[in-house]
Amino acid sequence: MSEKDAGPSGKLWGGRFSESTDREVERFTQSVSFDRALWEQDIRGSRAHVAMLSRVNLLSTEEERKIQEGLTRIEQEIRDGVFPFRDEYEDIHMNIEMRLFELVGTPARKIHTARSRNDQVALDLRLYVIDRCREMGALLAEFVRVLIAQARQNRDLILPGYTHLQQAQPVSAGYYFMAHAERLLRDRKRFLDLDKNLDRSPLGAGALAGTTLPIDRLGVARELGFSGVTGNGLDTVSDRDFVVDFLHASVLLSVHLSGWAEEWILWSTREFGFVRIPDRYMTGSSMMPQKRNPDVLELIRGKTGRVVGHYVGMATILKGLPLSYNRDLQEDKEHLFDTADTVRQSVTIFLRIAGESVLDREGLARSFSGDALLATDMAEDLVLAGVPFREAHAIVGRIVAHCERQARPLASLTDDELRDFSPDFPSGYAASLTVENSVRRRNLPGGPAPDRVEERIREIEKELDKKP
Ligand code: ARG
């Protein structure tokens, strides 16, 4: 930029300054080392802004053409890894503007007409969050489809369902996989809803109070894919709610993945032996030759700490800010970028592990703690025979304790023995008690019966087929 524009500081804002910025201050205040991640959104925003400036005659068509060409070259330089990022130009916005001036000269001095970095960065961040939300929506849809395939493939395989990490009632593997699918569907919806909520363009809010120049806010908004513009500039330049929303959606997603990772870390142990995770997703020990460790799942669990930390960090940045823009807001970016990168990586790798691991039929069969998992079914059968539920619960409790003392499975009880506990058991009852029957009979909407699971899968498939 010319000395006339920049003054001795060499900055785009240097007109009123009489000396150059302290070098340590430059290093402290710069953000280009990380906000370069916004380059694509920044150029997209500038292109739309410049096209609008030309439509309202604040730029000539010739000036616009030159600027657009310069932006194309900058895009190419960044893609090729040859763009000269300089921290003395502070952030990605000024780096691009300075480079544009080097490339096209005078017209570049008009690109910032009727724009502040405050509305510019608000736009870039929104576009970034929109892009990441759509990407997460697509990735999570893929993940759910992987789970649907596993659910169908394992529809008749029975596993112990747990509460309190104690065996509770039998469920099918299909039901189990779809439980994780439901969580991920909610995560997906959170990202897609956020995308919909971000439908207003901040451009034109200026530094905080708009501009006197006759710009066309709505036109530039439409060009960028928004359906309208934000309603108050003072709010717009300080609004980072959507960053917190993105972090919140990411926290819940991470929490879901983390709990599941923990589950499969347990399930892949010799003690459980429920799931076989392929070697390509496991790691060895440098000392113990026999080891096969679930490091990937442990890292997915561990990275959740980082994501939760980013959420807390971001909320803490915002909590003491007076209206409107404050430089504290520059600290939003690393929380956002690292979170987006982390959840994308975790989901990408977990969906492959989930799809390619194999449930171990033998390990599962071995695990059933006798057939005490069927105790609830027994109590419900007594209810059908007219016994009040509390009484039925107590009767079956006594039966379970009796079998435990004698170290026998429930199914080995004879009709006579059962009648000692209650006259209401039908004859041949014990033999009808199987885990397969138990799952099949729990046949209400949302229940584990295979037909119900399939019914729910169809609903979900319809949902996934809809255009978001
Ligand atoms: N790099 C800054 C940020 O990310 C851009 C906005 C700077 N605005 C300002 N008035 N200093 O927040």
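Numbering of ligands and ligand atoms starts at 1, following listing order. Positions are given from 1 along the sequence.
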Identify each donor-acceptor pair in which a side-chain atom of residues 316-325 lies under 3.5 Å from a protein atom, sequence neighbours left out, and give them as a table.
unit_1: T316; atom_1: OG1; unit_2: V312; atom_2: O; d: 2.5

*Do F143 and W260 have ring centroids that are under 6.0 Å from one another?*
yes

Nearest to [atom], what protein heavy atom do you find, and at what distance?
{"atom": "atom 2 (C) of ligand 1", "answer": "Q330 OE1, 3.3 Å"}
{"atom": "atom 10 (N) of ligand 1", "answer": "N118 OD1, 3.2 Å"}
{"atom": "atom 11 (N) of ligand 1", "answer": "R117 NH2, 3.6 Å"}
{"atom": "atom 5 (C) of ligand 1", "answer": "D91 OD2, 3.5 Å"}

*Which is it for Y89 and E26 under the side chain to side chain donor-acceptor pair (under 3.5 Å) test, yes or no, and what are the steps along the way?*
CA-CA 8 Å; Y89 298 153; E26 281 182 340; over 6 Å; no

*Answer side chain, backbone, both or neither: which part of D332 comes under 4.0 Å from ligand 1, heavy atoms only.*
neither

_Cation-pi check, R36 onto F85 ring (under 6.0 Å, within 45° of axis)_ = yes

*asked:* Under 6.0 Å from the ring centre and within 45 degrees of the ring axis: does the NZ or CZ of R132 meet both conditions for the six-membered ring of F191?
replied: no

*Please identify which atoms of ligand 1 are closer than 4.0 Å to at least one heavy atom of V121.*
4 (O)

*Quick one: which ligand 1 atoms are inside 4.0 Å of a heavy atom on S31?*
1 (N)

*Is there a nitrogen or oxygen of K333 sitting under 3.5 Å from a nitrogen or oxygen of ligand 1?*
yes

*Compare every heavy atom of E298 with every heavy atom of I265, then report the nearest pair and how far apart it is.*
CD1-CG, 3.6 Å

*From W13, F34, Y325 - option closest to atom 7 (C) of ligand 1 by heavy atom*: Y325

*Please list, chain by chain and in numerical order, all residues satisfying salt bridge (charged side-chain N to carboxylate O under 4.0 Å, His left out) with K291, sequence neighbours excluded.*
none

*asked:* For E90, state whether at least one heavy atom is located under 4.0 Å from any atom of ligand 1.
replied: no

